[in-house]
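Because the structure is a prediction, the values reported are computed rather than measured. Residues: numbered from 1 along the sequence shown.
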Amino acid sequence: MTSIRIAAAQTPEFRENVGAALDYAVRIAALAEAEGVALLVFPEGFLQGYLTDEASARRVAIDLASAEFAAVLDRLPKSGSVLVMGLIEIDGGRLFNAAVVVERGVLLGRYRKAHLLRGERAFETGKESPLFAIGALRFGINICYDTSFPEAAGTIAASGASLILCLSNNMMPRDKAETFKERHNAVRGERCRETGLWLISSDVTGERDGRIAWGPTAVLNRQGQVVAQKTAI
C-alpha cells in the first residue's frame with residue numbers, strides 16, 4: 001500500500017496581515033516539502049484572520065476570481081505539498097468562511113463552512129461538500145463547528161473519502177478555552193467512530209487580549225482515538 005505523508009500546521013494568528021500569513025505559509029510549506037509531505041493543512045481563517053464582524057470580514061475578504069487572489073496563488077510554492085488553507089471569501093457580495101485547496105499555485109477547489117455559530121452571522125452557509133484526492137487518498141473538509149454535526153462527516157464518508165481535514169480557530173476567552181479544551185477531540189472522535197474516517201485538525205496557538213488558544217491540532221484514528229497531538233503554546 002502506498003503511504004502519503006500529511007501534516008497539520010499549528011500557527012500563530014495573523015489578523016489583517018496577508019503578507020505575514022503568506023510568508024509564514026511559504027516557510028512551513030518548504031519544511032513540509034523537505035519532509036516529503038504531500039498534504040499540508042492550515043487553520044480556519046488563516047490568511048486574513050478569524051474576523052467575524054461583518055465590517056472587518058468584508059474589509060479583508062477575497063474574491064477567488066480576483067487579481068488579488070491570483071497574487072496570493074503566485075506567492076505559494078510551485079512544488080511540494082497540496083495546501084489547504086482557511087480564508088474569508090467574498091462572492092457576489094456574499095461572505096463565506098471558506099477553505100481553499102491549492103496545488104503548486106493552482107486552485108483545485110474550495111469548501112465553505114456549512115454550520116455557522118451565532119457569532120458568524122456575517123457569513124453565508126456553504127451548500128456543497130466537495131471531495132478532493134491526492135493519488136489514492138480521498139478527503140473532505142470540515143471547518144471547526146461543522147464537526148458538531150454528524151451529517152457533515154457523513155456526507156464526506158458517503159463520497160468515498162477516508163479522511164476529514166478539520167480547519168479550526170479556537171482562540172477563546174481563557175475560561176471558555178479551559179472548558180472546551182478537552183471537548184473538541186471528544187466531539188471529533190464521535191464523528192470518526194460514526195463514519196470510520198480518520199480526522200486531522202489544524203488550529204492556532206497563542207494569547208491575546210485575555211484570550212488563549214489551546215488547539216487542538218491533532219490526528220484521530222477511525223476509532224476516535226487521539227494518536228498524535230501538538231502541545232499548545
About how many Å separate CZ of Arg222 and OG of Ser162, when rounded to the nearest 0.5 Å?
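Reported value, rounded in 0.5 Å steps: 6.5 Å.
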If you define the side chain from C-beta out and look only at heavy atoms, does anything of Ser66 sit under 4.5 Å from Ile90?
no
So which atom in Ala161 and which in Leu131 form the shortest heavy-atom distance, rounded to 0.1 Å?
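Looks like CB-CD1, 3.7 Å.
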Say you draw a straight line from CG of Leu117 to CZ of Phe123; how long is it, rounded to the nearest 0.5 Å?
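Leu117 atom CG to Phe123 atom CZ measures 10.5 Å (nearest 0.5 Å).
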ILVMFWY clustering at 4.5 Å (side-chain atoms), partners of Ile200:
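So far as hydrophobic clustering goes, Ile200 is joined with Ile4, Ile6, Leu39, Val41, Val82, Val84, Val101, Leu108, Tyr111, Phe132, Ile134, Leu137, Phe139, Ile141, Ile143, Leu163, Leu165, Leu167, Trp198, Val219, Val227.
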So does Ala218 get a backbone contact from the side chain of Ser201, meaning a donor-acceptor N/O pair under 3.5 Å?
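It does hold such a pair.
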Are any of the side-chain heavy atoms of Met85 and Leu47 separated by less than 4.5 Å?
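SC-SC contact between Met85 and Leu47 confirmed.
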Should we count CD of Gln223 as having more than 12 external heavy atoms under 6.0 Å?
yes
Interatomic distance, His115 atom NE2 to Cys144 atom SG [nearest 0.5 angstrom]
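That separation rounds to 13.0 Å.
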4.5 Å side-chain heavy-atom contact, Leu64 and Asp91
no
Which pair of non-hydrogen atoms, one from Gly19 and one from Arg75, has the smallest distance, and what is that distance?
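Heavy-atom minimum between the residues: O-NH1, 4.3 Å.
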Cluster question for you: counting only ILVMFWY and a side-chain heavy-atom cut-off of under 4.5 Å, with indirect links fine, are Leu107 and Phe46 together?
yes
Are any side-chain N or O atoms of Glu44 and backbone N or O atoms of Asn169, one a donor and one an acceptor, separated by less than 3.5 Å?
yes
Are Leu83 and Val72 connected into the same hydrophobic cluster when the rule is that any two of I, L, V, M, F, W, Y join if their side-chain heavy atoms are below 4.5 Å apart?
yes
Less than 4.0 angstrom from a charged side-chain N to a carboxylate O is my criterion; do Arg112 and Glu124 meet it?
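The answer is no: the pair does not qualify as a salt bridge.
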Does the pair Asp63 and Glu68 meet the rule for a side-chain contact (heavy atoms from CB on, under 4.5 Å), with working shown?
CA-CA 8 Å; Asp63 188 326; Glu68 182 182 11; over 6 Å; no
State, yes or no, whether a side-chain contact exists between Met171 and Tyr50 at a heavy-atom distance under 4.5 Å.
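No, every pair of side-chain atoms sits at 4.5 Å or beyond.
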Answer yes if Ile28 and Val102 sit in the same cluster of Ile, Leu, Val, Met, Phe, Trp and Tyr residues linked by side chain heavy atoms under 4.5 Å apart, and no otherwise.
yes
Taking the side chain as every heavy atom from C-beta outward, state whether Met172 and Trp214 have any atom pair closer than 4.5 Å.
no
Using modelled atom types only, decide if a donor and an acceptor are shared between the side chain of Asp203 and the backbone of Asn170 within a distance under 3.5 Å.
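Yes, the answer is positive, given that a donor and an acceptor are paired below the 3.5 Å cut-off.
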What pairs of residues pass the side-chain hydrogen bond (donor to acceptor under 3.5 Å, both in side chains) test when at least one of them lies in residues 133-142, not counting sequence neighbours?
none
If the threshold is 4.0 Å, N to carboxylate O, is there a salt bridge linking Arg193 and Glu190?
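Judged by the 4.0 Å cut-off on N to carboxylate O distance, Arg193 and Glu190 do not form a salt bridge.
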Would you confirm whether Arg121, through its side chain, and Arg118, through its main-chain N or O, come within 3.5 Å as a donor-acceptor pair?
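A pair under 3.5 Å: yes.
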Just how far is it from atom NE2 of His184 to atom OG1 of Thr217, taken to the nearest 0.5 Å?
11.0 Å
So, do Val60 and Arg15 sit near enough that their side-chain heavy atoms are less than 4.5 Å apart?
no
Find the distance between CD1 (Ile88) and OG1 (Thr52) and round it off to the nearest 0.5 Å.
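Answer for the CD1-OG1 pair, Ile88 versus Thr52, is 8.5 Å.
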Using 0.5 Å steps for rounding, measure from the CD atom of Glu89 to the CZ atom of Arg94.
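Answer rounded to 0.5 Å: 8.5 Å.
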Hydrophobic cluster membership, with links at side-chain heavy-atom distances under 4.5 Å among I/L/V/M/F/W/Y: are Val37 and Ile164 in one?
no
In terms of hydrophobic clusters joined by side-chain contacts under 4.5 Å, are Leu31 and Leu40 together?
yes
Would you name the heavy atoms of Thr155 and Ser129 that are closest together and state the gap between them?
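That closest heavy-atom pairing would be CG2-CB, 3.7 Å.
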Shortest non-hydrogen contact between Val187 and Ser148, atoms and distance:
CG1-CA, 3.9 Å
I want to check something: taking the side chain as every heavy atom from C-beta on, are Leu197 and Arg191 in contact at a cut-off of under 4.5 Å?
no
Measure from the side-chain N and O atoms of Arg188 to the backbone N and O of Leu199, and report whether any donor-acceptor pair falls under 3.5 Å.
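No, the answer is negative, given that no donor and acceptor are paired below the 3.5 Å cut-off.
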Begin with the C-alpha distance, continue with both residues' side-chain angles, and end with the deciding distance and a verdict on side-chain contact (heavy atoms from CB on, under 4.5 Å) for Arg59 and Gln48.
CA-CA 10 Å; Arg59 184 170 60 246; Gln48 307 108 311; over 6 Å; no
Any side-chain heavy-atom pair from Leu76 and Leu22 closer than 4.5 angstrom?
yes
